[in-house]
Amino acid sequence: MFRASLRSWSVLAVPVVGLLVLTYAATTSEPRASTEHRAPAEPLRDSPLPAGGTARLSKCGVDDWPRPVPRGKGERGKDPQLVLTSWGAYDPGPKPPGKPRFTVHAAIRTGDRPLLLDAPLAKGRVTLDLYGPHGEGVRASARGLTATVVDSGYLGKPVKAPASGSFRVDPGKELLVDVDLPAGAVCPGHNLLDVSECSPEDTNDSADCPVLTLTFADPAIRAYRAEMTGDGAVDSFSDRLVAVFPEPDTSEV
């Protein structure tokens with residue numbers, strides 16, 4: 001683990017193979033928030049987010065299992081697949097314009113057939129959750145978000161929707177997407193700059209670090225899975241891609 005210099009990036013990278021975590025947190029010129037995080041004395045209420053979606057503040061401090069219960073066949077399969085590549089906070093500091101951001105970078109991959117996804121990508125059907133370590137429970141939870149297709153995985157620029165109205169994921173290729181965590185979806189006691197901190201901060205044990213869950217739903221995913229298996233019961237398949245890191249120990253289920 002390492003700490004970034006003032007007003008700098010620090011990157012939490014999730015390699016495709018190896019599951020190596022590099023945690024990052026940006027710092028500011030202002031005093032840091034207290035590292036002691038406490039659950040709210042009273043349950044909080046969910047609230048709408050300014051840019052759309054819902055902040056699930058009622059989940060703050062709740063120690064749920066990070067991988068959601070599958071809602072159909074194929075959800076744990078690798079075709080198609082949602083892969084987390086990196087995430088973390090960026091603080092522009094007092095001089096450049098802009099506000100702190102916490103962005104999750106991911107990639108959508110497919111098998112031996114192309115996958116077509118309508119634009120805007122999964123509009124209102126993306127969820128993002130962060131769970132603190134050691135039973136702390138939910139640190140942030142947002143529902144009803146929309147993913148942004150970008151041209152690269154690091155500070156990528158948004159890609160315009162094709163004239164066809166659909167993004168195409170070809171075999172052997174990947175569609176890069178960004179999802180921003182809204183500040184209003186972060187639980188009390190945390191902010192965008194410290195929500196992914198480990199406890200202790202200088203740990204080398206992934207069990208001391210938060211777990212991130214990203215889900216992405218689209219009817220085309222359900223149809224793709226049914227077509228790949230030749231199963232006519234399309235409704236029995238999940239329309240959702242789920243990525244969890246670090247992946248929970250299935251022996252605890």
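Closest of all the heavy-atom pairs between L117 and A220 is CD2-CB, 4.1 Å. I221 and R240 get closest at one heavy-atom pair: CG2-N, 4.3 Å. Considering all non-hydrogen atoms of both residues, A147 and V126 come closest at N-CG2, 3.8 Å. Of all heavy-atom pairs spanning A122 and A217, the tightest one is CB-O, 3.6 Å. D235 and R222 make their closest contact through CA-CD, 4.1 Å (heavy atoms, listed as atom of the first residue, atom of the second, distance). When all heavy atoms are compared, the tightest approach of R139 to S196 is NH1-C, 4.1 Å.
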Query raised in the report: Between V186 and L192, is a side chain to side chain contact (heavy atoms under 4.5 Å, CB included) present by the stated rule, with each step listed?
Result: CA-CA 7 Å; V186 179; L192 290 177; 3.8 Å; yes
Query raised in the report: Stepwise, does the side chain to side chain contact (heavy atoms under 4.5 Å, CB included) test hold for L57 with S141?
Result: CA-CA 7 Å; L57 299 180; S141 182; over 6 Å; no
Report task. Begin from the C-alpha positions of D239 and R71 and carry the test side chain to side chain contact (heavy atoms under 4.5 Å, CB included) through to its verdict. Result -> CA-CA 8 Å; D239 66 345; R71 61 185 189 190; 3.0 Å; yes
Query raised in the report: Are T148 and V177 close enough, and set up right, to give a side chain to side chain contact (heavy atoms under 4.5 Å, CB included), and what steps lead you there?
Result: CA-CA 5 Å; T148 300; V177 299; over 6 Å; no
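Taking the side chain as every heavy atom from C-beta outward, S238 and P70 never approach each other to under 4.5 Å. Residues E136 and H190 form a side-chain contact, since some pair of their non-hydrogen atoms from C-beta on lies under 4.5 Å apart. In this structure, P48 and T54 have side chains that are not in contact, with every pair of non-hydrogen atoms separated by 4.5 Å or more. In this structure the side chain of L82 reaches within 4.5 angstrom of the side chain of L214, judged on heavy atoms. Under the 4.5 Å side-chain criterion, counting only non-hydrogen atoms from C-beta, C209 is in contact with T203. In this structure, R143 and L128 have side chains that are not in contact, with every pair of non-hydrogen atoms separated by 4.5 Å or more. The shortest distance between side-chain heavy atoms of P182 and P50 does not fall below 4.5 Å. Taking 4.5 Å as the limit, some side-chain heavy atom of F237 sits within range of a side-chain heavy atom of T229.
With rounding to the nearest 0.5 angstrom, the CG atom of D178 is 8.0 Å from the OG atom of S86. Rounding to the nearest 0.5 angstrom, the gap separating the CZ atom in R125 from the NZ atom in K123 is 10.0 Å. Annotation: the span from R56 atom CZ to T127 atom OG1 amounts to 9.0 Å, rounded to 0.5 Å. Atoms OG and CZ, from S47 and R45 in turn, are 11.0 Å apart once rounded to the nearest 0.5 Å.
A donor atom on one side chain and an acceptor atom on the other are not found under 3.5 Å apart for D129 and T213. With hydrogens and angles left out, the side-chain atoms of D46 and S58 include a donor and acceptor closer than 3.5 Å. Residues Y131 and D63 have side chains that never bring a donor and an acceptor to within less than 3.5 angstrom of each other. Counting only N and O atoms by type, the side chains of D118 and S166 include a donor and acceptor under 3.5 Å apart. D180 and T103 form a side-chain donor-acceptor contact under 3.5 Å, judged by distance and modelled atom types alone.
Side chain of T85 to backbone of H105: a donor-acceptor contact under 3.5 angstrom is found.
In terms of hydrophobic clustering, with Ile, Leu, Val, Met, Phe, Trp and Tyr side chains grouped at heavy-atom distances under 4.5 Å, L145 and L176 are assigned to different clusters. Linking Ile, Leu, Val, Met, Phe, Trp and Tyr residues whenever their side-chain heavy atoms come within less than 4.5 Å places Y224 and L241 in a single cluster. Under the 4.5 Å side-chain contact rule for hydrophobic residues, V242 and L130 do not share a cluster. No chain of hydrophobic side-chain contacts below 4.5 Å, direct or via other Ile, Leu, Val, Met, Phe, Trp or Tyr residues, connects V195 to V244. Transitive grouping of hydrophobic side chains (ILVMFWY, heavy atoms separated by less than 4.5 Å) brings I108 and F167 into a common cluster.
Of the charged side-chain nitrogens involved, none lies within less than 4.0 Å of a carboxylate oxygen, so that D79 and R109 do not count as a salt-bridged pair. Using a cut-off of 4.0 Å between Lys/Arg side-chain N and Asp/Glu carboxylate O, R225 and E75 are scored as not salt-bridged. Using a cut-off of 4.0 Å between Lys/Arg side-chain N and Asp/Glu carboxylate O, E174 and R168 are scored as not salt-bridged.
Considering D218, L175, V159, V179 as possible partners of L121, the one that fulfils the side-chain contact (heavy atoms from CB on, under 4.5 Å) test is L175.
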